[in-house]
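Working notes, beginning with the structure itself.
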Amino acid sequence: MNPGDGKYNFSDIEKKWQNHWEQNKTFSVSDESDKPKYYVLDMFPYPSGAGLHVGHPEGYTASDIVARYKRMNGFNVLHPIGWDAFGLPAEQYAIATGTHPAKTTQTNIDNMRRQIKSLGFSYDWNRQVDTTDEKYYKWTQWIFLKLFNSYFDETEQKAKPISELVKKLESEKLYVTPDGLLIASDPIQAISGEPIGAFKWFELDNQQQQEFLDSQRLAYEANVPVNWCPELGTVLANEEVIGGKSERGGHPVIRQPMRQWMLRITKYADRLVDDLELVDWAHSIKKLQTDWIGKSTGAEVDFAVDGFDETITVFTTRPDTLFGATYMVLAPEHPLVNVITTADKKKAVQKYQTAAQMKSDLDRTDLSKDKTGVHTGAFAINPVNNKKIPIWISDYVLISYGTGAIMSVPAHDERDHEFAKQFGLEIIEVVKPNNDKTIIPCFTGDGVAINSGQFDGLGTDEFKKQITEWLEDRAIGKKAVNYKLRDWLFSRQRYWGEPFPILHKEDGEIVALDESQLPLTLPEVENYAPAGTGESPLATIDSWLNVTLPDGTKAKRETNTMPQWAGSCWYYLRYIDPQNDAEPWNEEKEKYWMPVDLYIGGAEHAVLHLLYSRFWHKLLYDLGYVSTKEPFKKLINQGMILGSDGQKMSKSRGNVVNPDTVIANYGADSMRLYEMFMGPLEASKPWNMQSVEGVHRFLTKVWRLAIDIDTGRISSSVIDSPADEQTIKLIHQAIKKVGSDIENFHFNTAISQMMILTNHLVKLDSVPKQALKALIAILSPLAPHIAEELWQKLGEKNTLAYEPWPKYDELLAKEKQLELAVQVLGKIKDKIVVNADADEEQIKQIALASEKVTAAIAGKEIKKIIIIKSRLVNIVTE
RNA sequence: GCCGGAGUGGCGGAAUUGGCAGACGCGCGGGAUUCAAAAUCCCGUCAUGGCAACAUGGUGUGGGUUCAAGUCCCACCUCCGGUACCA
């Protein structure tokens, strides 16, 4: 061995321990243990061709530190990783090159796995999941079948098997109304015997029964408007449409209804809001979800159309402003538009409807600074005062919210106000502010009713209550709730996704595959491009598409595939029992591991992924497959890592940092430490390569503290003798602070504290072995490779991974002597040193004895002396 | 526009939640070691004035509460993130 050979060789050390952990299956975790469980989950990555980005390891490092810390504290820790591997990039690459997406995906997974492994995370690699693996998506399809075969029981507010609904219908506990609603045959509900106009189950023919059941399923088919590009022969996502043209090629895109699969997430809207109370998430994320769901309470009101039998129902949150409704607006797509439009207006209305159809949802909002609209020529009757009000159409009213129609109160709604100004419509004020005398042009707040007949003088809340009753008494309105949340459009016209386990019979009947027929795997195709008919490439594979059922009838497979969200909706459950081929997970194991104790991931998934998986979880809960109402107990969103220029990292800016480079130059431990040292986990912060060097220097310092770099053996200055008082104090302070900082996710200050301890230890002539061991132990969750290596060099045989977290003594961590600031009127005049156990009187005497203090208070009267033990003394003078 | 979050040295950030502002790290300046360099170590580093002890000011801006404010209250400015006519 040559001088210097024993220096900190991170590459060898890190490789050595990564191999050691792998070969010894150090982090493979058992489902049976006496220890308390702890489930730490990372948002699993999409295996992109670009590989890992420095943003990924931030969350992964944080969760790994917690996982390792919890292991050392006696928990049985489940810490898995997997691959969210369906996705557009692999499919686009397939369209361009003909390479099977599975092949691209596998290459990318291999690369990303190598990168993740090179960071030394303590994942249980036996539990990897891959959403594109048919052994995995078999169960994604299984959950889809659960959705398809369930309905939502409104009275119990939970999902139930649709077979139970059939039983209730057959036994005539429920009837079906002509407009497809369920009503109870219960005598309380239907006082005078049989509900009028409702059908008993046997009164419906087979097709009607099927149609009715389909209308109740949590997964259903519907015609919904999509971005259809005839030129490209495909449906486009909203992001792929720019200014009404396709992003690629610039071809026109129209909003066209097409057959799509939908999931009835809206049935869970209330529970998705209410159960946020049960989880420990950042307030801002909860609010984001609540706003997304957008529950609003108000009333539905029927307006008669003058000269027609039809009525138009509107939804309003302000029924108290009914007297101010001076006109009405329908969405251009509203079905009654064509019925009520007068002959002289037909042309203009149709022109407007076509124009609206050409615009995407985004354009309808973004580009229109001025309100547009057309009068239909028809009039409605305001039910509160029988006034005739004009009916307009305008694209500021959305067909997909509420009833697709509004009553317009231009005096108290900004959008209506703007519209009325634009077209010179009447504005009547019906609310005045509570205390304000001045009339505000468009007052949208609560106040007191005016110009509202017998309701004048009522406060907004009271008015709402009374008018709703008034409407209900006359059967022209009722209380109603609406949500911004829409049913989830669940189908994509793509190849690279989970196929739906659904068959369409020739007579139109929809049949689900039996669970025993799963998985329904993807066929091989020649060409990955869309079929051109709005269908996926699957529609072009006749051998896969056409099926003959056992009874001889012919059917076609569903050619849509599921969106990328599907696989990520439940992966945290599969980790619990990833090899199980008989069921998605074992019940006992689920009870043991769930819920996820800590979930770390990017804030970009704050709404959709978390909402969708909560929805699926609630379905599974209702059906008895999972034991918790909510899947994720605690959620942390790591902030974004920016380039050194403070900008978002991107190829075009040339500020992307590749983790491989950092690991090659400084090692995984330095990388991990730096990611955590940058600042608070949840904040976004810029990368600075020089600071990486800083934490690297710290690790080198720890290494030299323990190791003689010439021999590579434990340094002769490390001795087995008791530490001095100061050292003991710093050790105990460090154990305490690092532990509590990890529990609170303050990794940056935990590292600072270890630096303080190390800076002290290197100054000592001899290093007490116990001090060194404590430092290594508390460093190990953050920088596990160097810690394991030093631990071993100190003669320890076992991995540090399950070594108990060092204990600290509160008394020993305390300062014996305290330095207090002495202030006069809040300004520091001097500092004094007192014993930690000094009482207030003693502190006072010492403080007043200070020359600088006596000088400062000379000639003044002392009014008060404030003593904050261990902090300061403040002398208040006249 | 609306809703969140944040503004602290040259930079990243600390500050027991109302109690010594700037911990820790980067950078920078000076020094030691070295033939020299790298590495390492030591000293300094908020601003202004002063050789210095020290004094004064200082946490986006303006006001307020308090013995005491980065922290609490009111108004405003800037940046970042989300959202987009949801009646």
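Convention: sequence-line order gives letters A, B, ...; per-chain numbering from 1. We use all heavy atoms of the structure for the numbers below, so side chains are in, but hydrogens, waters and symmetry mates are not.
Side-chain proximity of A:Asp413 to B:G27, B:A87, B:G19: nearest is B:A87. Picking from B:G27, B:C85, B:G13 the nucleotide with the shortest atom distance to the side chain of A:Asn748 gives B:G13. Checked against B:C24, B:G13, B:C20, the side chain of A:Phe677 finds its nearest nucleotide in B:C24. Of the candidate nucleotides B:A87, B:C67, B:C41, B:C41 has the atom nearest to the side chain of A:Lys701. Counting only heavy atoms from C-beta on, A:Lys852 has its side chain closest to B:C54 among B:C54, B:C67, B:C20.
When the P atom of B:U40 is taken as reference, atom CG of A:Asn759 falls 13 Å away, rounded to whole Å. Spacing between atom NZ of A:Lys484 and atom P of B:C3 amounts to 13 Å, rounded to whole angstrom units. Going from atom CG of A:Leu730 over to atom C1' of B:A23 covers 13 Å, rounded to whole Å. Atom CG in A:Leu872 sits about 4 Å away from atom C1' in B:G19, given to the nearest Å.
Evaluation of atom-type donor-acceptor distances gives no pair under 3.5 Å for the side chain of A:Lys863 against the base of B:C67. For A:Lys287 against B:C3, a side-chain-to-base donor-acceptor contact under 3.5 Å is absent.
In terms of modelled atom types and a separation under 3.5 Å, the side chain of A:Arg704 and the main chain of A:Val702 share no donor-acceptor contact. A donor-acceptor pair under 3.5 Å is formed between the side chain of A:His417 and the backbone N or O of A:Pro410.
Geometrically, A:Lys371 engages A:Tyr396 in a cation-pi contact defined by less than 6.0 Å to the ring centre and at most 45° from the axis.
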> Do A:Met328 and A:Val314 pass the side-chain contact (heavy atoms from CB on, under 4.5 Å) test, and can you show the C-alpha distance, the side-chain angles, and the key distance before you say yes or no?
Replying inline: CA-CA 9 Å; A:Met328 187 174 232; A:Val314 303; 3.5 Å; yes

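Within the nucleic acid shown, A:Ile828 comes within 4.0 Å of sugar-phosphate atoms alone, with no base atom in reach, counting heavy atoms only. Counting any heavy atom pair closer than 4.0 Å across all strands shown, A:Asp416 reaches no nucleic acid atom. A:Lys737 comes within 4.0 angstrom of nothing in the nucleic acid, heavy atoms only. Counting any heavy atom pair closer than 4.0 Å across all strands shown, A:Lys763 reaches sugar-phosphate atoms only and no base atom. Looking at heavy-atom distances under 4.0 Å, A:Ile756 makes contact with sugar-phosphate atoms alone, never a base. Nucleic acid contact for A:Lys736: none, since no nucleic acid atom lies under 4.0 Å from a heavy atom of the residue. Here A:Ser408 lies out of heavy-atom contact (under 4.0 Å) with every strand. Nucleic acid contact for A:Ile406: base, since at least one base atom lies under 4.0 Å from a heavy atom of the residue. Within 4.0 Å of A:Glu682, counting heavy atoms only, lies no atom of the nucleic acid at all.
There is no side-chain donor-acceptor pair under 3.5 Å between A:Ser644 and A:Asn688. Looking at A:Lys295 and A:Asn482, their side chains never bring a donor and an acceptor atom within 3.5 Å of each other.
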>> Counting Watson-Crick and G-U wobble pairs with both distances under 3.5 Å, what is the dot-bracket string for RNA chain B, 5' to 3', using [ ] for crossing pairs and | for pairs to another strand?
In response: (((((((..(((......[....)))((((((.......))))))((((....))))..(((((..]....))))))))))))....

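Side-chain nitrogen and oxygen atoms of A:Ser296 include at least one within less than 4.0 Å of the OP1 or OP2 phosphate oxygen of B:A87.
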